[in-house]
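A, B, ... follow the sequence lines: proteins, then strands. Residue 1 opens every chain.
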Amino acid sequence: PGLLEPTSTLVRVPKSASTLGIAIEGGANTRQPLPRIVTIQRGGSAHNCGQLKVGQIILEVNGVSLRGREHRDAARLIAEAFKSKERDYVDFLVTDFN
Amino acid sequence: REKRLTLPPSEITLL
């Protein structure tokens, strides 16, 4: 990638625990327009996966963009992706750049 | 007159 291109990473989180175990802040019409990971709880699926990091911005969940979604809408989308029995994982497209 | 210069902070949700 070029030096000025923002980099994004696709992280597949297997549903290895009963909770996803992340806390997010942000969403449309707030200071943080895309959801940012603020906590990763030990023992949750995200922690077990080991690839999500505090501070990363979530761009997409299972290929669905979070751009323009308000906080509660983004949180609901992530919660439903984790709860859904369609897949035994959740795909996150994340970036380290804010 | 007060003017909002920045967007409000977000709530935090545990998932």
Side-chain angles (χ1 to χ4, degrees), chain A residues 11 13 15-49 52 54-58 61-62 66-84 89-92 94 98, chain B:
Chain A
V11 175
V13 177
K15 296 175 184 175
S16 61
S18 61
T19 62
L20 177 58
I22 65 171
I24 59 160
E25 69 168 2
N29 305 318
T30 73
R31 286 177 201 163
Q32 172 58 54
L34 278 164
R36 188 176 80 96
I37 299 172
V38 291
T39 308
I40 297 182
Q41 292 194 306
R42 198 165 295 175
S45 298
H47 183 260
N48 292 346
C49 166
L52 290 179
V54 167
Q56 285 175 329
I57 309 298
I58 305 174
V61 176
N62 287 342
L66 297 186
R67 204 168 292 279
R69 291 181 191 269
E70 295 199 343
H71 179 80
R72 285 177 190 201
D73 190 22
R76 187 171 57 236
L77 197 84
I78 295 168
E80 285 174 358
F82 187 76
K83 195 173 62 179
S84 166
Y89 56 83
V90 183
D91 280 337
F92 290 94
V94 296
N98 201 346
Chain B
R1 190 164 55 128
E2 200 171 302
K3 189 179 174 188
R4 177 170 284 181
L5 297 173
T6 55
L7 287 163
S10 168
E11 55 194 305
I12 292 176
T13 300
L14 178 61
L15 294 159

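- Across every non-hydrogen atom of A/His71 and B/Thr13, the tightest pair is NE2-OG1, 2.6 Å.
- Not a single side chain to side chain contact (heavy atoms under 4.5 Å, CB included) links A/Thr19 to another residue, sequence neighbours left out.
- By the side-chain hydrogen bond (donor to acceptor under 3.5 Å, both in side chains) test, A/Arg76 pairs with A/Asp73, sequence neighbours left out.
- A/Glu80 is linked by a side-chain hydrogen bond (donor to acceptor under 3.5 Å, both in side chains) to nothing, counting only residues two or more places apart in sequence or in another chain.
- Minimum interatomic distance between A/Ala79 and B/Leu15 (heavy atoms only, all atoms of both residues): CB-CD2, 3.9 Å.
- Of all residues spanning residues 26-44 of chain A, those with a heavy atom less than 4.5 Å away from chain B's heavy atoms are A/Gly26, A/Asn29, A/Thr30, A/Arg31, A/Val38, A/Gln41, arranged by number.
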